[in-house]
Amino acid sequence: MKIDFDLADTVAIIAEEGTLEAAARRMRMTPSAVSQRLRAIEDQLGRVLLVRSKPVRPTDAGDAVIRLARQARVLEHDALAGIGGVRVDDGADEGPVSVPLAVNADSLATWFLTPLARLSARHPVVFDLHRDDQDFTAALLEGGTVMGAVTSRAEPVAGCRVTALGVMRYEAVATPDFVARYLETSRNDIRALAAAPVVQFDRRDDLQDRWLREQGISGSDAPRHYVPASHDFAQAVGLGFGWGLLPGFQSDAGLESGALVRLGGPPIDVPLHWQQWNLRSPLLDAVATEIVEEGRRVLRPAPSLNRR
């Protein structure tokens with residue numbers, strides 16, 4: 001059995017746009033024609049590929065077809081680049097190839113966009129960025145949603161290759177006023193943080209609790225501010241909402257000026273890796289080269305950094 005790449009691409013576009021109507025606008029077709037294409041490939045494969053919810057949701061079989069379609073787009077881009085961008089069709093301009101990537105919020109807010117800017121200046125690409133915690137970005141790669149991901153996972157996702165980037169170091173910090181209010185009455189005993197307000201990214205963020213546990217402190221009853229954006233998280237700490245762990249990118253200026261102070265205790269090092277589809281493609285190789293080089297330039301070296 002062979003999968004029709006045009007039909008597979010239709011499935012990917014519907015999943016990316018969320019509805020048949022939005023996909024139809026992008027494809028310059030009627031919703032009925034898009035629906036017929038979807039039914040044709042589902043009949044061919046004997047599988048339901050998309051759950052007809054709003055937005056649509058790919059099934060496991062749909063994820064496999066979408067992954068194939070996105071790989072085919074990259075290979076088509078590479079082939080056209082190799083023959084000078086010649087396209088034999090109705091003359092329509094398909095535009096730049098879309099490269100979906102997953103990245104953790106702190107990398108996105110600090111260093112990740114710089115290598116992408118260099119790439120977009122040299123290649124006809126647009127980036128579809130998916131932000132998630134570094135412990136969960138690999139799942140987006142595994143499901144075929146993205147082509148590459150910054151992740152804390154060192155073991156390669158099936159069908160992918162992995163390269164170490166470096167370490168993002170986090171330190172517990174707060175404003176001097178916060179320390180005066182919550183710690184100085186306890187003679188700077190950080191055990192007082194068990195009941196002090198803490199800033200947390202979202203309900204999956206366990207970095208602050210992990211730091212407390214390593215100090216032998218339970219912070220399960222501490223009041224929590226949830227601020228689910230990296231820049232806003234750092235700003236909330238800087239405004240005295242609570243204490244929190246910040247990477248050096250976001251805390252160094254405040255520490256130097258005295259706007260922030262360290263709370264003590266060892267930092268937490270979060271190793272980061274770059275994983276991408278194990279697909280030999282000049283475009284994906286260019287993406288990897290820029291991201292890996294930038295990561296290794298700005299992050300702390302990992303103890304056993306893989307220099308592949």
Side-chain angles (χ1 to χ4, degrees), residues 1-53 55-102 119-120 123-130 140-149 157-161 275-288:
M1 180 184 298
K2 292 185 178 180
I3 298 177
D4 186 300
F5 285 165
D6 286 338
L7 296 182
D9 199 51
T10 298
V11 177
I13 291 172
I14 297 171
E16 289 161 2
E17 297 299 324
T19 65
L20 289 173
E21 293 76 14
R25 288 192 294 270
R26 175 171 160 184
M27 298 174 69
R28 301 176 187 175
M29 302 173 66
T30 65
S32 176
V34 174
S35 179
Q36 289 173 12
R37 283 189 167 204
L38 176 58
R39 284 198 301 271
I41 189 171
E42 288 183 330
D43 289 345
Q44 177 191 19
L45 299 178
R47 298 285 191 279
V48 173
L49 302 179
L50 297 174
V51 177
R52 272 65 160 179
S53 55
V56 298
R57 178 170 52 83
T59 63
D60 290 344
D63 282 335
V65 171
I66 292 168
R67 182 184 178 107
L68 171 66
R70 288 173 172 159
Q71 289 179 337
R73 290 175 188 172
V74 173
L75 292 175
E76 181 186 45
H77 170 274
D78 292 340
L80 290 170
I83 58 177
V86 175
R87 182 180 294 278
V88 183
D89 58 10
D90 60 2
D93 182 9
E94 296 289 338
V97 65
S98 177
V99 179
L101 305 174
L119 285 160
S120 64
H123 299 276
V125 296
V126 292
F127 296 103
D128 180 7
L129 301 183
H130 298 250
L140 296 172
L141 187 62
E142 200 163 20
T145 302
V146 298
M147 299 177 182
V157 171
C160 297
R161 61 182 188 266
Q275 294 213 33
Q276 70 179 53
W277 291 346
N278 193 17
L279 184 68
R280 291 302 173 185
S281 155
L283 176 59
L284 284 185
D285 288 346
V287 171

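No experiment lies behind these values; they were computed from the predicted model shown.
Heavy-atom minimum distance, R70 versus M147: O-CE, 3.7 Å. Heavy atoms only, all atoms of each residue included: V125 and S120 are closest at CG2-CA, 4.2 Å. Taking all atoms of both residues into account, the shortest heavy-atom contact from I41 to A8 is CD1-N, 3.7 Å. Of all the heavy atoms in R37 and M27, the pair that sits closest is NH1-CE, 3.5 Å. Taking each heavy atom of G148 and L141 in turn, the nearest pair found is N-CD1, 3.7 Å. Pairing each heavy atom of L50 with each of P58, the nearest pair is CD2-CA, 3.8 Å.
Between L49 atom CG and I14 atom CD1 the span is 9.5 Å, to the nearest 0.5 Å. Atom-to-atom distance recorded for L7:CG and R39:CZ is 12.5 Å, nearest 0.5 angstrom. The CZ atom of R280 sits 4.5 Å away from atom CZ of R161, with the distance rounded to the nearest 0.5 Å. Atom CG of L20 and atom CZ of R25 lie 11.0 Å apart (nearest 0.5 Å). Atom CG of L75 sits about 11.0 Å away from atom NE2 of H77, to the nearest 0.5 Å. How far CD of E76 is from CG of L283: 12.0 Å, rounded to the nearest 0.5 Å.
Few gaps surround CG on D43; more than 12 heavy atoms of other groups in view lie less than 6.0 Å from it. Heavy atoms of other residues, nucleotides or ligands lying less than 6.0 angstrom from CZ of R26 number more than 12. Annotation for R52: atom CZ counts as buried by contact number, over 12 foreign heavy atoms lying within 6.0 Å. Counting non-hydrogen atoms of neighbouring residues, nucleotides and ligands closer than 6.0 angstrom, the CZ atom of F5 reaches no more than 12 such neighbours.
Every residue two or more places apart in sequence or in another chain that forms a side chain to side chain donor-acceptor pair (under 3.5 Å) with Q276 is listed here: W274. Under the salt bridge (charged side-chain N to carboxylate O under 4.0 Å, His left out) criterion, R73 pairs with D9, E16, sequence neighbours left out.
If you check the side chains of D128 and S98, you find no donor sitting under 3.5 Å from an acceptor.
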Any chance you could lay out the side chain to side chain contact (heavy atoms under 4.5 Å, CB included) test for L284 and D78, step after step, and finish with the verdict?
CA-CA 9 Å; L284 284 185; D78 292 340; over 6 Å; no
Stepwise, does the side chain to side chain contact (heavy atoms under 4.5 Å, CB included) test hold for V34 with I13?
CA-CA 10 Å; V34 174; I13 291 172; over 6 Å; no
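When atom types are taken as modelled, the side chain of Q275 and the backbone of V157 share a donor-acceptor pair closer than 3.5 angstrom.
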